[in-house]
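Remarks on the structure that follows.
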There are 2 protein chains.
Amino acid sequence: MSINIKKILHQHNLKHTKQREAILKVLAKQKAPISVEELYDLLRQQAQTMNLSTLYRSVETFSEHGIIEKIFSSITNTNLIQLQSRHHQHYLVCINCHKMIPIDYCPMDELLGYIESNFHFKVIDHQLEISGYCDTCQP
Amino acid sequence: MSINIKKILHQHNLKHTKQREAILKVLAKQKAPISVEELYDLLRQQAQTMNLSTLYRSVETFSEHGIIEKIFSSITNTNLIQLQSRHHQHYLVCINCHKMIPIDYCPMDELLGYIESNFHFKVIDHQLEISGYCDTCQP
DNA sequence: GTTCCTGCAAAGAGTTTGCACGAAA
DNA sequence: TTTCGTGCAAACTCTTTGCAGGAAC
């Protein structure tokens with residue numbers, strides 16, 4: 001999970017600062033999407049100087065440049081972020097413990113043709129969230 | 001699209017008030033999910049006495065009783081509501097004009113078996129949102 | 001008569017913005 | 001030296017809450 005942050009920022013004409021370095025470093029360590037609030041806490045835990053406004057602004061900038069991805073969790077009703085992953089995936093979300101389990105299956109493979117031909121709709125993106133009870137939280 | 005509101009409320013042990021009557025009446029007329037704010041405007045346009053708090057509280061109550069359904073639109077970043085529909089459906093959302101086009105296809109039919117056997121995950125619900133450009137908004 | 005719903009005002013969470021200073025290129 | 005990013009404080013949006021009066025049952 002090592003990424004060259006300096007290089008990524010340079011490629012996008014973004015200045016390399018210790019705040020941005022720290023943000024991307026923490027995100028690279030995550031196995032699942034996290035909220036801005038959680039990210040903020042993680043950054044402060046490691047004694048990183050970080051202002052919430054700065055964090056929000058960085059997240060916005062990274063999102064616009066496709067460096068990170070925003071997703072919404074309807075279970076917790078929160079916006080989450082993650083590094084733009086190399087391969088597309090969706091998540092199973094546990095209603096009880098909120099664990100997010102990535103799955104490789106994507107419904108769009110078969111849906112795309114159906115939609116574009118039946119609705120003259122040009123698909124750009126999609127979100128799929130499956131909620132339920134994970135292995136350990138089942139009654 | 002005529003529903004017996006008095007009966008529905010009674011079935012759920014909810015009191016029948018003119019505010020609730022108006023809310024459900026307006027929702028019954030919608031062809032696509034709307035935000036609480038839009039619903040509020042529609043209600044006031046018809047000179048309905050309605051307080052935002054009351055509206056939020058009603059929406060919450062109706063949602064808990066399964067009378068309405070909440071969905072999130074990642075395009076507009078807003079929470080939307082609609083009457084619980086008799087048949088399950090998902091939407092195509094236009095990035096440009098925000099129009100929502102219902103589709104009948106649901107990926108869960110084929111996904112369910114795969115998920116439950118591979119992840120020991122008990123699926124309860126799911127959300128699918130497909131964004132892109134509608135017929136009239138395509139470049 | 002009792003229970004529940006409503007309106008009002010105030011508070012709360014999450015997020016955005018203006019501005020001046022400071023760091024990166 | 002110029003441009004861009006940061007911190008701070010204040011504002012803003014959406015939503016929730018406490019309370020007292022009033023409507024529904």
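Numbers restart at 1 for each chain; the letters A, B, ... are given by sequence-line order, proteins then strands.
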Euclidean distance, atom [atom1] of residue [X] to atom [atom2] of [N] [Å, nearest integer]:
{"X": "B:Lys18", "N": "D:dC25", "atom1": "NZ", "atom2": "C1'", "value": "16 Å"}
{"X": "A:Ile81", "N": "C:dT15", "atom1": "CD1", "atom2": "P", "value": "10 Å"}
{"X": "B:Asn77", "N": "D:dC12", "atom1": "CG", "atom2": "P", "value": "20 Å"}
{"X": "A:Leu55", "N": "C:dT16", "atom1": "CG", "atom2": "P", "value": "11 Å"}
{"X": "A:Asn51", "N": "C:dA23", "atom1": "CG", "atom2": "C1'", "value": "16 Å"}
{"X": "B:Leu9", "N": "C:dT6", "atom1": "CG", "atom2": "P", "value": "10 Å"}
{"X": "A:Asn13", "N": "C:dA24", "atom1": "CG", "atom2": "P", "value": "17 Å"}
{"X": "A:Leu52", "N": "C:dT15", "atom1": "CG", "atom2": "C1'", "value": "9 Å"}

Under 4.0 Å, heavy atoms only, any strand: does [X] hit a base, just the sugar-phosphate, or nothing?
{"X": "A:Glu60", "value": "nothing"}
{"X": "A:Thr78", "value": "nothing"}
{"X": "A:Arg57", "value": "base"}
{"X": "A:Thr61", "value": "nothing"}

Residue closer to the 5' end of DNA chain D, B:Lys6 versus B:Val36 (nearest nucleotide): B:Val36
Counting only side-chain N and O atoms of [X], is one of them less than 4.0 Å from OP1 or OP2 of [N]?
{"X": "A:Thr54", "N": "D:dG7", "value": "yes"}
{"X": "A:Thr17", "N": "D:dT6", "value": "yes"}
{"X": "B:Gln19", "N": "C:dG7", "value": "yes"}

Picking from A:Lys99, A:Gln82, A:Glu129, what satisfies side-chain hydrogen bond (donor to acceptor under 3.5 Å, both in side chains) with A:Tyr91? A:Gln82
Can A:Gln19 and A:Ser58 be counted as having a side-chain donor-acceptor contact under 3.5 angstrom? no
Closest to the [X] side chain: [options]?
{"X": "A:Lys15", "options": "C:dG7, D:dC4, C:dC5", "answer": "D:dC4"}
{"X": "B:His16", "options": "D:dC25, C:dT15, C:dT6", "answer": "D:dC25"}
{"X": "A:Asn79", "options": "D:dT15, D:dT6, C:dT15", "answer": "C:dT15"}
{"X": "A:Tyr56", "options": "C:dC8, C:dT6, C:dG14", "answer": "C:dG14"}

Under a 3.5 Å distance rule, please check whether [X] uses its side chain to pair with a backbone N or O of [Y] as donor and acceptor.
{"X": "A:Gln127", "Y": "B:Ser74", "answer": "no"}
{"X": "B:Glu38", "Y": "B:Leu80", "answer": "no"}
{"X": "A:His65", "Y": "A:Thr61", "answer": "yes"}

B:Leu14 and B:Tyr56: same hydrophobic cluster, using ILVMFWY side-chain contacts below 4.5 Å? yes
Is a donor-acceptor contact shorter than 3.5 angstrom present between the side chain of B:Ser53 and the base of D:dT17? yes
